[in-house]
Amino acid sequence: MPKIVILGAGLTGLSAAYHLEQSNFTDYVLFERDEKPGGLLRSFKQDGFTFDYTGHLLHVNNDYFKRLLMDIIGLDNLLYVQRKSAIYSHNTITDYPFQMNLHGLPSDVIAECLEGYINRKTSMRSPQSFYQWVLKYFGKGMGKHFFFPYNSKLLSYDVKKVHHSWTGRFVPQTNLKAIIKGALESGAHQNIGYNKSFYYPKRNGIEFLIQKLAAQIKKPIHFNRQAEHVDLKNKQVIFSDGHKESYDQLISTMPLDYLLKNLKGSSRSTLQQAHKKLLCSSVVNFNLGFNVKDISEKTWLYFPEKKYPFYRVGFWNNICPDSVKKGCSAIYGEFSHLAGTRTRKQIESITATSIKEVLKLLKLDTSNVVTQKMLYLKHAYVVYDLWREKNINKLLNRL
C-alpha cells in the first residue's frame with residue numbers, strides 16, 4: 001500500500017508528485033482518468049493553429065514559482081508578454097481596468113461613474129456580498145456599467161449572492177484623482193493589475209508546460225483510471241474498472257463537488273449532501289482561425305454588456321505568434337452558464353450567436369474562418385456564494 005495516493009495528473013497533481021520526489025519521497029502513486037496528463041492545461045493542434053482550453057497564461061507573482069518555471073521550462077522556451085487588454089462597451093474600446101480608464105465613454109456614463117464614486121457607501125462596515133463591496137469601494141455607476149454585468153456573465157450568478165472574498169489582487173483599487181485623470185486622458189493608467197504581464201510557451205501551447213513537468217517525474221503515471229468512489233472508512237479509492245487502491249494519505253485534485261458526491265464510508269452522508277451546494281460556472285470556449293492577419297493589437301477584450309453572450313475574446317496571435325498559421329490570426333471566445341443549467345441545444349444556439357456577433361465586431365464573415373474548435377470546461381469558475389463562504393472551511397477541515 002502506498003503512503004500517498006494522488007488523484008489527477010493536471011498541474012496540481014503533477015506538482016504534488018514533483019515536489020514529493022524533490023523531497024526524496026517516492027512512496028506514492030499517481031492516477032489520471034484520461035490517457036494523458038494535463039487536465040484543462042491542454043492544447044490542441046488543428047489546421048496549423050494551436051488552441052488551449054481558453055487563455056491559460058502564466059501570471060507569475062511569486063518568486064518560488066518563477067524559479068520553478070525557469071527550472072522546468074527554461075527562459076529560452078518562454079515568451080514574456082506585456083498585456084494589452086481593454087473593455088468594449090457603449091461601442092467604445094477603453095483601457096483596462098475600467099475604474100481608472102473612463103476616457104472615450106459617453107459623457108453621461110463618465111458623469112454617472114464619477115458621481116457614484118463620490119457618493120459611494122464608504123460608511124458600510126462589512127459588505128456581505130460582492131454587490132455591496134462594489135458599492136462601497138467603487139460606487140453605483142461603475143457597478144452598473146462594468147462590475148455587475150461583467151461578473152454576472154462570468155459567473156452566471158446573481159452578484160448580490162456572491163461574496164467578495166475572491167477579489168483580493170484581482171480587482172485593482174482606485175482613487176478620485178486616478179479616476180479623473182483616466183477620464184480626461186487616454187492611456188492614463190495601463191500596466192495595472194496582477195495580469196499586467198505574463199509568460200507563455202513559445203511553441204506547442206500551454207501543454208508544453210505539462211509535458212516538461214511530467215518529464216521531470218520519475219515514477220509512472222497510471223492513465224485511464226477514473227476514481228469512482230473514495231471510501232473514507234477503509235481509506236481506499238475504488239476505480240471505475242474495479243481496481244482498488246488503499247492509502248494512508250490522499251491528495252485529491254478532482255473538483256470538490258465531485259469528490260463529495262462520490263464519498264463512501266463514515267461521515268459521508270452530511271458531506272455528500274454538501275456537493276449540491278458547491279456551485280461553479282461551466283465555460284464554452286469557441287476558437288476561430290482566420291485567413292487574415294492583424295485583426296487587433298489587443299491580447300484580449302472584456303465585454304460587460306448583455307447584448308453580447310460572451311464575456312471575453314482573446315487574440316492568439318498577440319499571445320503567441322507560433323499558435324497561428326503564417327499570414328493568419330485566431331481568437332478564443334468564452335461564455336458561461338451555471339453548471340448543469342443549459343441543454344446541448346441551448347449551448348449550440350448561444351455559440352452560433354456568439355460567433356456571429358464576434359465576426360460582426362471584427363468586420364469579418366464566415367468566408368474568413370478557416371478552422372474552428374469548440375472546447376467545454378464543465379468546472380470553470382468557482383462561485384463564491386454566501387453558503388460557500390460560511391461552510392467551505394468546515395468541509396475542508398472534516399476532509
Trainee: Taking only residues two or more places apart in sequence or in another chain, which ones pass ring pair (Phe, Tyr, Trp, His ring centres under 6.0 Å) with Phe138?
Mentor: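 With neighbours one apart ignored, the set is Trp133, Phe147.
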Trainee: So Tyr311 and Leu155, side chain to side chain contact (heavy atoms under 4.5 Å, CB included) or not? Walk me through it.
Mentor: CA-CA 10 Å; Tyr311 56 84; Leu155 299 175; over 6 Å; no
Trainee: Can you tell me if Arg83 and Ser85 form a side-chain donor-acceptor pair at under 3.5 Å?
Mentor: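 A donor-acceptor contact under 3.5 Å links the two side chains.
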Trainee: Would you say that Asn195 contacts Trp300 through its side chain, given a criterion of any heavy-atom pair below 4.5 Å between the two side chains?
Mentor: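 A side-chain contact under 4.5 Å exists here.
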Trainee: Would you please name every residue forming a ring pair (Phe, Tyr, Trp, His ring centres under 6.0 Å) with Tyr194, sequence neighbours left out?
Mentor: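 Counting only residues at least two positions away or on another chain, Tyr194 forms a ring pair (Phe, Tyr, Trp, His ring centres under 6.0 Å) with His59, Phe170.
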Trainee: Should Glu334 and Ser336 count as side-chain neighbours, where that means a heavy-atom distance under 4.5 Å?
Mentor: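 Not touching, per the 4.5 Å side-chain cut-off.
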Trainee: Could you check whether Glu112 pairs with Lys144 (Lys NZ or Arg NE/NH1/NH2 to Asp/Glu carboxylate O, under 4.0 Å)?
Mentor: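 Result for this pair is yes, salt bridge flagged.
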Trainee: Restricting to non-hydrogen atoms, name the atom on Lys219 and the atom on Thr26 that form the minimum distance, rounded to 0.1 Å.
Mentor: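 Smallest heavy-atom distance, with atoms named: NZ-O, 2.8 Å.
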Trainee: Could you check if a side-chain atom of Thr174 sits within less than 4.5 angstrom of a side-chain atom of Tyr117, using non-hydrogen atoms only?
Mentor: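 When only atoms from C-beta onward are counted, Tyr117 and Thr174 do touch, with a gap below 4.5 Å.
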Trainee: Do His243 and Glu245 get their side chains close enough for a donor-acceptor pair, meaning under 3.5 Å?
Mentor: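 Note: His243 and Glu245 side chains meet the donor-acceptor criterion.
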Trainee: Do Lys161 and Asp385 meet the salt-bridge criterion of a basic N to acidic O distance under 4.0 Å?
Mentor: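 No, no charged N to carboxylate O under 4.0 Å.
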Trainee: So, applying side-chain contact (heavy atoms from CB on, under 4.5 Å) with Leu399, which one of Leu250, Val230, Leu263 is it?
Mentor: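 That would be Leu263.
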Trainee: Report all side-chain donor-acceptor pairs from residues 277-293 shorter than 3.5 Å, counting only partners two or more places apart or in another chain.
Mentor:
unit_1	atom_1	unit_2	atom_2	d
Ser281	OG	Tyr381	N	3.3
Ser282	OG	Lys378	O	2.5
Asn285	OD1	Thr54	N	3.0
Asn285	OD1	Asn287	ND2	3.0
Asn285	ND2	Gly333	O	3.2
Asn287	OD1	Trp316	NE1	3.1
Asn287	ND2	Lys373	O	3.3
Asn291	OD1	Asn368	ND2	3.1
Asn291	ND2	Ser367	O	3.3

Trainee: If we count only N and O atoms by modelled type, under 3.5 Å, do the side chains of Gln249 and Tyr28 hold a donor and an acceptor together?
Mentor: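 On atom types as modelled, these side chains do not qualify, holding no pair under 3.5 Å.
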Trainee: Just checking, is any N or O donor in the side chain of Asp52 or Tyr200 under 3.5 Å from an acceptor N or O on the other one?
Mentor: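 There is such a pair between these side chains.
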Trainee: Do Phe31 and His222 make the cut of ring centroids closer than 6.0 angstrom?
Mentor: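 For Phe31 and His222, the ring centres are under 6.0 Å apart.
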Trainee: Measuring only between side-chain heavy atoms, which start at C-beta, is Tyr199 closer than 4.5 Å to Lys66?
Mentor: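 When only atoms from C-beta onward are counted, Lys66 and Tyr199 do touch, with a gap below 4.5 Å.
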Trainee: Would the distance check show the side chain of Asp231 and the main-chain N or O of Val237 forming a donor-acceptor pair, the cut-off being under 3.5 Å?
Mentor: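 Not at all, since once roles are kept as given, no pair shorter than 3.5 Å links the two residues.
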Trainee: Please answer whether the main-chain N or O of His189 pairs with a side-chain N or O of Asn101 as donor and acceptor at a distance below 3.5 Å.
Mentor: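 Here the side-chain-to-backbone pair exists.
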Trainee: May I ask you to decide whether Glu357 forms a salt bridge with Lys360, counting only side-chain N to carboxylate O separations under 4.0 Å?
Mentor: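 The answer is yes: the pair qualifies as a salt bridge.
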Trainee: Going by the angle between their ring planes, with limits at 30° and 60°, are Tyr302 and Tyr96 parallel, tilted or perpendicular?
Mentor: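 Geometry flag for Tyr96 against Tyr302: tilted rings.
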Trainee: May I ask you to decide whether Asp241 forms a salt bridge with Arg225, counting only side-chain N to carboxylate O separations under 4.0 Å?
Mentor: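 Here Asp241 pairs with Arg225 in a salt bridge, since their nearest N and O are under 4.0 Å apart.
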Trainee: Under the side chain to side chain contact (heavy atoms under 4.5 Å, CB included) rule, what do Thr12 and Ile6 come out as? Steps first, then yes or no, please.
Mentor: CA-CA 10 Å; Thr12 307; Ile6 304 172; over 6 Å; no
Trainee: Going by atom type alone, with no hydrogens or angles, which donor-acceptor pairs under 3.5 Å involve a side-chain atom of residues 206-216 and a protein atom two or more places apart or on another chain?
Mentor:
unit_1	atom_1	unit_2	atom_2	d
Glu207	OE1	Ser43	N	2.8
Glu207	OE2	Lys36	NZ	2.8

Trainee: Pair Lys356, Thr353 - check side chain to side chain contact (heavy atoms under 4.5 Å, CB included), show working.
Mentor: CA-CA 5 Å; Lys356 181 181 177 181; Thr353 301; 5.6 Å; no
Trainee: Below 4.5 Å, heavy atoms only, C-beta onward: do Asn234 and Ser246 meet side chain to side chain?
Mentor: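 No - every pair of side-chain heavy atoms lies 4.5 Å or more apart.
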Trainee: Before giving the answer on side chain to side chain contact (heavy atoms under 4.5 Å, CB included), spell out for Arg33 and Asn224 the whole-Å C-alpha distance, their side-chain angles and the decisive distance to 0.1 Å.
Mentor: CA-CA 5 Å; Arg33 67 178 182 178; Asn224 298 307; over 6 Å; no
Trainee: Name all residues meeting the ring pair (Phe, Tyr, Trp, His ring centres under 6.0 Å) criterion together with Phe146; count only those two or more places apart in sequence or in a different chain, and write none if there are none.
Mentor: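 Ring pair (Phe, Tyr, Trp, His ring centres under 6.0 Å) list for Phe146, sorted by chain: Phe98, Tyr150.
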Trainee: Check Asp34 with Arg42, please: is the shortest side-chain N to carboxylate O separation under 4.0 Å?
Mentor: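 Yes, charged N to carboxylate O under 4.0 Å.
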Trainee: Do the non-hydrogen side-chain atoms of Thr351 and Met374 ever get within less than 4.5 Å of each other?
Mentor: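 A side-chain contact exists here, since the closest heavy-atom pair is under 4.5 Å.
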Trainee: Give the table of side-chain donor-acceptor pairs shorter than 3.5 Å for residues 72-82, with sequence neighbours excluded, one pair per line with atom names and distance.
Mentor:
unit_1	atom_1	unit_2	atom_2	d
Asn77	ND2	Ile73	O	2.8
Tyr80	OH	Ser197	OG	3.1

